[in-house]
**Student:** 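First the structure, then my questions, so here it is.
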Amino acid sequence: MGPPRVQSESERDPASPDARYAQTFPRLSPDMAARVSAYGTEEWLPKGTFLFQRGDRRIDFFFVLEGSIEILDFGPDGEPNLVVEHSEGQFTGELNLFNDREILVSGRTTTDSRVVRVKHADFRRLVTGEPDIGELIMRAFILRRVGLIQHSQGGVILIGPGHGANTLRLERFLIRNGYPHRLLDTEVDPAAGGFLACFKLTPDQLPVVIAPGRRVFHNPPNALLSDELGITESVDPGHSYDLVVVGAGPGGLAAAVYAASEGLETLVIEALAPGGQAGTSSKIENYLGFPTGISGQALAGRAQVQAQKFGARLLISRAVTGIDCERTPYRLRMEDGRTVMARAVVIATGARYRKLDVPQLERFEGQGIHYAATAMEAQLCTGEEVVVVGGGNSAGQAAVFLSRTVARVHVLVRGRGLAATMSDYLVQRIHSSPRITLHTRTELTALDGDTLLREVTWINRDTGEVSTHRIGNVFVMIGAEPNTEWLQGCLELDNKGFVKTGYDAEGHPLASPYETTRLGIYAVGDVRSGSVKRVASSVGEGSVVVQAIHRYLNPMPVGPAPVEMTVSP
């Protein structure tokens, strides 16, 4: 799909398909324009002046008083493509103005222009100091990123076999981090051959990521790709943050939003992408305030922007491998060897699905065995039969979601039903769906295939019946294992590896139910022992824990009670 053309006012009919154009590229009123101008400086710029270029960080915000600014996307060979043109009363920017990541597009004046430049450091003051303008800007920025993703503008090209494990890994990484890209599936896309020839690539070199400037990355690790595309922000190892949140799931993002909004200098470290396990959910329907439901990725994306709006920083694609908790500030070690210092730490690393005890499981992971059911996975098995293993809400949401596009969903559970482990609304949908078959007291026992999964075998434990089926996609959503390996030797864990909170080593109650056995270190969400494994619960814990962090960082002075004095009339 080509770039959207600039539309006239008459085309911006709220009832038309282009109704959101006015929200994506709004024109400010004279009053709003005057208030924006108070945060910046007025400049005259000659035609052809570049205000920012792709790859820049910490760019400024520009408001057009006279003239126009064109936003450009550059193809693999550096050819410019017009994305949109901002004219009088409009402004530049998209989501990367809220962080220090590399900008995805370039901007230059198309005529001699008069603009207001709001410095990057003052931009957040504008957004928070003028709430009505801030709301308008934030909505526009979110919609602009959606547009870049939908039209594959400002991004990269991913070339590889669509069912290949590493192609899926890279595509999943780009999608979950909201990075625009175009997938050329060498299994079905005829355009892929031309790219392979142009860049002199052979099938054994796939998958590859092609970035502007003809930069080619051969099957890059997520961390390397994150660095090369400017997704990761840099941090000063000598600087001590008020709070470091480890994990950007619902609990971690909630802690970041509340901590940053209350003035704490906050850094979030995430190994893959915002959202955690909840980010892989196709639709969450029982979260307060979203009566029609919301995908885990959409919820995580909004929370991420919200945290960045208040000044929180996100370090993406960096796993924490250890922590020195014998001294303060605490020092967290990352997989690339760098360290980050923190006065207080919130552990929100969540839990991951357990793996099936089935031969050849690892061989087919990413090539038929999946641990998420989003639109990306669903497109791999359209019109086919699939298996969902698990009896919890995540498994139920996956089964209902997949049933829209697949021929049949086989739900396998070890128990005698779903009522004890799944919300009733999902149980009813599964029982009423003609495309979902529930197999109770059933376990997967064998996997088979070539480079991809082709057959699965399961057994009914009551009857002993064994059956083999031509099924190439299995979605595994069973149990939960905490991501706490990096904490060994620092905190007290329960017998399943979850972090103990609320009591000290002697069993005495602590000031906060989220406090661990180390002063200044807290745990929230699924990683915490005894927590309720629900998105809303994790969000609640992440928000409430900030009060305890404030008390720890700013303790009340201890001393004699003040003397009350009475003044005689």
Side-chain angles (χ1 to χ4, degrees), residues 160-169 171-172 183 185-189 192 203 206-207 280 282 353-392 394-415 417-418 426 429-479:
H163 288 79
N166 282 311
T167 305
L168 291 172
R169 171 182 60 82
E171 186 180 17
R172 188 176 293 114
L183 171 65
D185 184 350
T186 54
E187 296 173 343
V188 298
D189 196 329
L206 302 179
T280 66
S282 54
Y353 293 122
R354 291 203 312 268
K355 294 189 177 184
L356 289 169
D357 185 15
V358 180
Q360 301 194 87
L361 178 74
E362 292 186 0
R363 172 185 168 190
F364 295 115
E365 284 185 317
Q367 299 186 118
I369 300 294
H370 311 286
Y371 297 94
T374 66
M376 190 191 86
E377 289 82 16
Q379 69 181 0
L380 298 173
C381 46
T382 300
E384 302 176 4
E385 294 192 14
V386 302
V387 169
V388 173
V389 182
S394 295
Q397 290 162 354
V400 171
F401 173 70
L402 293 167
S403 68
R404 301 173 188 171
T405 55
V406 303
R408 179 159 300 280
V409 181
H410 298 275
V411 178
L412 276 55
V413 294
R414 298 175 64 181
L418 299 172
L426 289 170
R429 289 184 187 178
I430 287 173
H431 285 315
S432 63
S433 174
R435 290 189 179 181
I436 302 177
T437 302
L438 176 63
H439 304 266
T440 59
R441 296 284 295 152
T442 301
E443 297 178 40
L444 209 63
T445 57
L447 308 168
D448 198 10
D450 39 50
T451 55
L452 303 175
L453 179 64
R454 304 293 185 185
E455 287 186 349
V456 301
T457 300
W458 63 69
I459 182 173
N460 183 287
R461 291 301 182 187
D462 286 340
T463 66
E465 180 183 356
V466 176
S467 55
T468 299
H469 305 262
R470 292 288 294 176
I471 290 177
N473 290 280
V474 176
F475 296 83
V476 180
M477 297 173 177
I478 56 172

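Sequence positions, counted from 1, serve as the residue numbers for this chain.
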**Student:** Tell me every residue that passes salt bridge (Lys or Arg N to Asp or Glu O under 4.0 Å) with Glu171, counting only those two or more places apart in sequence or in another chain.
**Tutor:**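 Per chain and number, Glu171 pairs via salt bridge (Lys or Arg N to Asp or Glu O under 4.0 Å) with no residue.
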
**Student:** Please give me the minimum heavy-atom distance between Leu453 and Asp448, naming the atom from each residue.
**Tutor:**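 That closest heavy-atom pairing would be CD1-O, 3.4 Å.
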
**Student:** Do other residues, nucleotides or ligands put more than 12 heavy atoms under 6.0 Å from the CD atom of Glu362?
**Tutor:**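 No, not enclosed.
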
**Student:** What are the two closest heavy atoms between Phe401 and Ala378, and how far apart are they?
**Tutor:**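 In this case the closest contact between Phe401 and Ala378 is CE2-CB, 3.8 Å.
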
**Student:** Atom CG in Leu438, atom CG in Leu418: separation rounded to 0.5 Å?
**Tutor:**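 Interatomic distance, Leu438 CG to Leu418 CG, rounded to 0.5 Å: 5.0 Å.
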
**Student:** Quick test of your reading: applying ring-ring contact (aromatic ring centres under 6.0 Å, His included), list the pairs with at least one residue in residues 354-385, sequence neighbours left out, ordered by first then second residue.
**Tutor:**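 Counting only pairs at least two positions apart or across chains, the ring-ring contact (aromatic ring centres under 6.0 Å, His included) contacts touching residues 354-385 are His370-Phe475.
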
**Student:** So which atom in Ala373 and which in Ala398 form the shortest heavy-atom distance, rounded to 0.1 Å?
**Tutor:**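 Ala373 and Ala398 have their closest heavy atoms at CB-CB, 3.6 Å.
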
**Student:** Do Pro161 and Leu206 have side chains that approach each other closer than 4.5 Å (heavy atoms only, starting at C-beta)?
**Tutor:**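 Of all side-chain heavy-atom pairs linking Leu206 with Pro161, at least one is under 4.5 Å.
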
**Student:** Could I get the full list of salt bridge (Lys or Arg N to Asp or Glu O under 4.0 Å) partners for Arg461, not counting sequence neighbours?
**Tutor:**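 In terms of salt bridge (Lys or Arg N to Asp or Glu O under 4.0 Å), with neighbours along the sequence ignored, Arg461 is linked to Glu443.
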
**Student:** Can you find a pair of side-chain heavy atoms, one from Val387 and one from Leu412, that are under 4.5 Å apart?
**Tutor:**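 Of all side-chain heavy-atom pairs linking Leu412 with Val387, at least one is under 4.5 Å.
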
**Student:** Going from CZ on Arg435 to OG1 on Thr405, what distance comes out if it is rounded to the nearest 0.5 angstrom?
**Tutor:**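 So the gap between those two atoms works out to 8.0 Å.
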
**Student:** Can you check whether Leu444 reaches Val476 side chain to side chain, under 4.5 Å on heavy atoms?
**Tutor:** no

**Student:** Please determine if Glu377 and Arg172 form a salt bridge, counting it only when a charged side-chain N lies under 4.0 Å from a carboxylate O.
**Tutor:**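 Between Arg172 and Glu377 there is a salt bridge, with a charged N closer than 4.0 Å to a carboxylate O.
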
**Student:** Measure the spacing between CG of Leu447 and CG of Leu356 and express it to the nearest 0.5 Å.
**Tutor:** 7.5 Å

**Student:** For residues 435-473, pull every pair meeting ring-ring contact (aromatic ring centres under 6.0 Å, His included), keeping only residues two or more places apart or in separate chains.
**Tutor:**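 Every ring-ring contact (aromatic ring centres under 6.0 Å, His included) pair that includes a residue of residues 435-473, provided the two are not neighbours, is His410-His439, His410-Trp458, His410-His469, His439-Trp458, Trp458-His469.
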
**Student:** Restricting to salt bridge (Lys or Arg N to Asp or Glu O under 4.0 Å), what partner residues turn up for Arg404, sequence neighbours left out?
**Tutor:**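 With sequence neighbours excluded, Arg404 shows a salt bridge (Lys or Arg N to Asp or Glu O under 4.0 Å) to no residue whatsoever.
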
**Student:** Determine whether Lys355 and Glu365 make a side-chain contact, defined as any pair of heavy atoms from C-beta on separated by less than 4.5 Å.
**Tutor:** yes

**Student:** Could you report the tightest heavy-atom contact between Ala399 and Val411, atom names first, then the distance?
**Tutor:**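 Residues Ala399 and Val411, closest heavy atoms: CB-CG2, 3.8 Å.
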
**Student:** How far apart are the closest heavy atoms of Gly164 and Gln367, and which atoms are they?
**Tutor:**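 It is CA-OE1, 4.1 Å.
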
**Student:** For the atom pair OG1 (Thr445) and CG (Asp357), what is the distance rounded to the nearest 0.5 Å?
**Tutor:** 11.5 Å

**Student:** For Arg363, which residues count as a salt bridge (Lys or Arg N to Asp or Glu O under 4.0 Å) partner, sequence neighbours excluded?
**Tutor:** none

**Student:** Taking all atoms of both residues into account, what is the closest heavy-atom pair of Thr440 and Asn460, and its distance?
**Tutor:**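 Thr440 and Asn460 have their closest heavy atoms at O-ND2, 3.5 Å.
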
**Student:** Is it true that the side chains of Thr382 and Gln379 contain a donor and an acceptor less than 3.5 Å apart?
**Tutor:** no

**Student:** Are more than 12 heavy atoms from other residues, nucleotides or ligands located less than 6.0 Å from atom CG of Asp462?
**Tutor:** yes

**Student:** Within a reach of under 6.0 Å around CZ of Arg414, are more than 12 heavy atoms found that belong to other residues, nucleotides or ligands?
**Tutor:**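 No.
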
**Student:** Is Leu380 close to His163 at the side-chain level, that is, under 4.5 Å between some pair of heavy atoms?
**Tutor:**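 His163 vs Leu380: side chains touch.
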
**Student:** Could you walk me through whether Leu183 and Thr167 pass the side-chain contact (heavy atoms from CB on, under 4.5 Å) check?
**Tutor:** CA-CA 9 Å; Leu183 171 65; Thr167 305; 3.9 Å; yes

